[in-house]
Undergrad: 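Sharing a structure with you now.
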Amino acid sequence: MVFSYRLGPASAVITVHCRFFARYAEVLGRDSLELRLAAPASVADAVRELRTTLDRGAHLPERPLAAVNREHVPLEHALADGDELALLPPLAGG
Amino acid sequence: MVFSYRLGPASAVITVHCRFFARYAEVLGRDSLELRLAAPASVADAVRELRTTLDRGAHLPERPLAAVNREHVPLEHALADGDELALLPPLAGG
Amino acid sequence: MSRLVTRDPIDVARLTMEISDAGRGGTVVFLGSVRRSAEDGPVTEIEYAGYEEMLSRELAQILDEAHARWPNAACAAQHRLGVVPVGEPSIAILAAAPHRAAAFDACRFIIEAAKRRLPVWKHEHFENGTSQWREA
Amino acid sequence: MSRLVTRDPIDVARLTMEISDAGRGGTVVFLGSVRRSAEDGPVTEIEYAGYEEMLSRELAQILDEAHARWPNAACAAQHRLGVVPVGEPSIAILAAAPHRAAAFDACRFIIEAAKRRLPVWKHEHFENGTSQWREA
């Protein structure tokens, strides 16, 4: 499924592969989706979009832990086309 | 073997069981002896006596590690009749 | 070398062998086990779920960081995923070094970083058939 | 409970079992092994000699002190005497606690006290047939 976001004629569009884990996957009823965003877009922009457009998206926190391409990133991190964005519930490993 | 030490008519005498370990036993060629001392006597007194009366006793340090009745003690520790006094080379356990 | 992530019981003896060397006199092992505490209620089992690709990558990076800080230490780590029975370790961290201070410090560094950074979550199953994700 | 002093190889798995408990999620194990360092020359074996009665008493007392400081921790320790081949542990210290900080601290406390207080000495045997007592 693809969600589009504020696409004007002058905007470049990027597609981000979103992944959800543990409680987030349970709440959203899915563990991944493709998200289209107008560039430039940060992780925070992607989270805002997911929270407003997904069923039960409001159950995601406004400032979740996030990883891009399997590395922890701050919410200000700029997304690039093809990135894998993962939203991580509070970690409980070890 | 029993060593006597400054025994005057008014002195009480105590007997201490001395044990030597590792390099000290090697240097002295023995791992134990009975030492008689005039009371009151400290561990330091016993060490002094051993250093002056034993063959190669001068190879013992003036201030060795010591244990009385299997507990570490300072050299000022007062000895009692029947005590087990152990002289311990620098520890290398673990 | 052992995998950093496993679904089998962690073989601590084997990991210890991997980092053993006649020049490393001090070895410190940390085992983190599934704990059943009073507030948990009747947990029957705990399932560890992870973002596996990131988990391996992050754990490898933590080991690299430890190696940079303690070049004389040899370190190993393994995280178990899937159902882990109460009492069995879900994570093992090992550090061997010529002297014990470095072994303790490297082991502690790795487990603290692992707790903070590894993308792993616990799914608790209760006797009444319900289950929930435990927030750390 | 295991003896505090042994002349056999230390069975770390067995010691770990002894202190394991579903309520103790963090276990720290320290293994001190015979180390062959550059300055040692061709050591063929190292023999550990101890003042055995005092060694057991002192190690038991160190464990008591650890228990007083970390009442929630379960600790175990074993020192090996006699000939210990290079690479095998001469001492094992284990501490398990509900949280890892106490397990690390208790384990470290015990090994530091053991190094300082246990009446044990190392007799090194060299390839040329000579031997000497190693001063710590």
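Here the structure is a predicted model, which means the values were calculated and not measured. Quick note on labels: first sequence line is chain A, next is B, and so on, each numbered from 1.
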Undergrad: Could you give the distance from CZ (D:R100) to CD1 (C:I93), rounded to the nearest 0.5 Å?
TA: 10.0 Å
Undergrad: Is chain C contacted by the side chain of D:A101, its backbone, both, or neither, given a heavy-atom distance below 4.5 Å?
TA: both
Undergrad: Please rank C:G26, C:G87, C:A103, C:A13 by heavy-atom pairs under 4.5 Å with chain D and give me the top one.
TA: C:G26
Undergrad: Could you name each residue pair satisfying ring pair (Phe, Tyr, Trp, His ring centres under 6.0 Å) that touches residues 5-30 of chain C, not counting sequence neighbours?
TA: C:F30-D:F104
Undergrad: For chain C, which residues of residues 108-121 of chain D have at least one non-hydrogen atom nearer than 4.5 Å to it?
TA: D:R108, D:I111, D:E112, D:K115
Undergrad: Within residues 65-73 of chain C, which positions have a heavy-atom distance to chain D below 4.5 Å?
TA: none
Undergrad: Contact between D:V28 and C:V29 at the side-chain level, heavy atoms closer than 4.5 Å - yes or no?
TA: no
Undergrad: Where on D:P98 is there a heavy atom nearer than 4.5 Å to chain C: the side chain, the backbone, both, or neither?
TA: both
Undergrad: Are there residues of residues 48-59 of chain D that reach to under 4.5 Å of chain C by heavy atoms, and which ones?
TA: none
